[in-house]
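Step one of this worksheet: look at the structure below.
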Amino acid sequence: MAVPLYGLIENNRQHLSDFRAAFAEVADSGQFILGPCVAEFEQQLAQYCGVDHAIGVGSGTDALMLTLMALGVGPGDEVITSPLSYVHTAGSIARLGATPVFCDINPRIYNVAIESLEACITDKTKAIVPVHLYGQMAKMDAIMDLARAKNIKVLEDGDQAIGAKFGDAMAGSVGDAGIFSFFPTKNLAAIGDAGAVVTNDAAFAAKVRKMRVHGLEPGYRVKHLGGNFRIDAIQAKALSIKLPHLDQEIVRRRELADRYNRHLEELQVSAPVEAEKRYHTYNHYTIRVRSGGRDALMAHLDACGIQSRVYYPVPLHLLECFAYLGYQEGEFPVAEKAAAEVLALPIFPEMTNAQQDEVVEAVRDYFRAE
Ligand SMILES: Cc1ncc(COP(=O)(O)O)c(C=O)c1O
């Protein structure tokens with residue numbers, strides 16, 4: 001049987017009748033963008049994340065771009081982030097004319113390494129964007145200590161990590177702001193593009209909210225120029241329907257991760273590590289294949305009908321679009337090694353044990369034949 005990487009269709013199928021009713025409600029309301037459905041979702045999300053304010057936006061990329069804009073990040077500023085991420089992190093920084101500064105990562109949890117981060121701080125550093133990669137939070141206590149001491153803002157990229165925790169603190173609630181993507185492969189997924197910014201800072205929330213619609217104030221006046229970062233009502237409605245199920249779905253992801261860990265133990269792969277104080281949400285179950293066999297294992301799984309994917313095969317500092325920054329291969333050895341060895345295996349709440357056994361068997365087969 002084929003095993004997909006994600007269970008998007010199965011996940012949405014259980015909500016179809018609620019989605020249909022929601023569609024009718026939005027269509028009849030005439031309020032297709034922002035409005036009461038968005039306000040309701042924002043309240044629900046703020047409560048879930050343990051923050052005072054949530055602002056729905058068009059995507060995770062919008063959330064980061066808008067937050068950086070509201071912080072006033074621009075030419076002359078440096079923003080430190082991880083080289084093992086989706087292009088949008090450094091991309092948003094660069095699009096504002098600021099300089100993305102990369103630091104190396106921790107080899108166990110794939111988040112910014114504290115010593116490397118500290119070494120990158122200069123008097124031009126305006127913000128740090130730690131990426132809670134694969135569903136696990138970065139070492140937020142150390143990051144906040146560094147940032148507070150130097151008056152630097154911290155934006156948590158929680159795009160893959162809604163529901164994750166550091167101690168008792170939810171992802172997005174520790175930094176000056178948190179950003180989320182509700183892209184359909186995320187643990188909380190819209191039925192299209194959507195995202196959100198969360199924060200405890202009332203003045204900052206008000207600024208972000210205004211800049212979400214170009215910075216417009218009454219009478220079409222504009223003080224802080226924003227853009228169109230709006231979220232559709234139907235996406236907010238879908239997210240409101242799905243959010244109450246998220247915690248239970250994370251529990252199932254964690255069960256599946258635990259099963260994988262036990263079954264893959266004896267093979268030449270490293271299972272993901274849940275670091276201390278962390279509650280991992282396994283948006284991705286990412287193994288490491290030592291001995292240079294990652295691409296061959298991926299091809300073998302593909303031949304068995306099992307989807308797998310590499311997040312991310314090219315570290316950001318080596319992307320052609322960032323060549324102007326002057327980084328060289330070898331500069332971030334930990335991130336570069338990870339990019340060559342990581343592989344995400346199928347994991348989704350609706351995955352059956354039988355499906356998972358099939359993945360495990362196919363991985364075993366590969367190493368048997370090696
Ligand atoms: C770590 C990370 N950041 C940002 C994004 C971008 O989010 P979006 O596609 O909603 O703009 C993604 C999702 O693809 C992601 O995985």
Side-chain angles (χ1 to χ4, degrees), residues 5-6 8 41 45 54-69 79-96 100 102-103 105-106 109-112 127-138 140 154-164 171-172 175 177-198 208 212 227-232 234-236 238-239 242 253 272 280-286 309-317 319 321-322 335 338-339 342-344 347-348:
L5 191 57
Y6 305 107
L8 312 190
F41 169 62
L45 180 67
I55 301 106
V57 294
S59 66
T61 307
D62 271 7
L64 182 58
M65 190 76 183
L66 173 57
T67 311
L68 290 167
M69 285 171 79
V79 179
I80 307 174
T81 190
S82 166
L84 193 68
S85 179
Y86 186 57
V87 64
H88 95 299
T89 42
S92 303
I93 299 160
R95 283 162 67 200
L96 289 172
F102 298 111
C103 63
I105 62 166
N106 176 304
I109 59 166
Y110 308 111
N111 284 304
V112 287
I128 299 169
V129 182
V131 181
H132 300 328
L133 206 67
Y134 306 144
Q136 170 160 241
M137 287 176 71
M140 287 307 294
V154 176
L155 308 180
E156 294 175 59
D157 181 342
D159 279 335
Q160 296 184 2
I162 187 153
I179 66 150
F180 293 112
S181 164
F182 305 121
F183 183 76
T185 60
K186 305 303 181 204
N187 285 6
L188 178 63
I191 43 177
D193 274 317
V197 179
V198 296
V208 167
R212 167 173 68 176
N228 174 0
F229 297 108
R230 299 175 306 224
I231 180 174
D232 288 343
I234 191 66
Q235 298 305 344
L239 291 164
K242 293 174 82 173
R253 284 176 182 274
H280 200 317
T281 59
Y282 295 101
N283 180 232
H284 298 301
Y285 181 87
T286 303
R309 197 164 296 170
V310 177
Y311 298 102
Y312 295 92
V314 185
L316 300 183
H317 65 288
L319 289 181
C321 62
F322 296 129
V342 292
L343 185 65
I347 193 163
F348 46 95

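Start at 1 and go down the list; that is how both ligands and their atoms are numbered. Everything quoted here is computed from the prediction, not taken from an experiment.
Evaluation of the side chain to side chain contact (heavy atoms under 4.5 Å, CB included) rule for Ala339 yields Leu84, Pro315 as partners, not counting sequence neighbours. Looking at residues two or more places apart in sequence or on another chain, you find a side chain to side chain contact (heavy atoms under 4.5 Å, CB included) between Asn187 and Ile162, Leu246, Ile250, Arg253, Thr281, Asn283. Among residues two or more places apart in sequence or in another chain, the side chain to side chain contact (heavy atoms under 4.5 Å, CB included) test is passed with Tyr6 by Leu8, Thr185, His284, Arg309, Tyr311.
By the 30° and 60° cut-offs, the orientation of the rings of His280 relative to Tyr282 is parallel.
Of the possible polar contacts, none joining the Thr286 side chain to the Val342 backbone as a donor-acceptor pair under 3.5 Å is found. At distances below 3.5 Å, not a single donor-acceptor pair connects side-chain atoms of Asp159 with backbone N or O atoms of Asp157.
Protein residues with any heavy atom under 4.0 Å from ligand 1: Ser59, Gly60, Thr61, Tyr86, His88, Val131, Asp157, Asp159, Gln160, Ser181, Phe183, Lys186, Tyr312.
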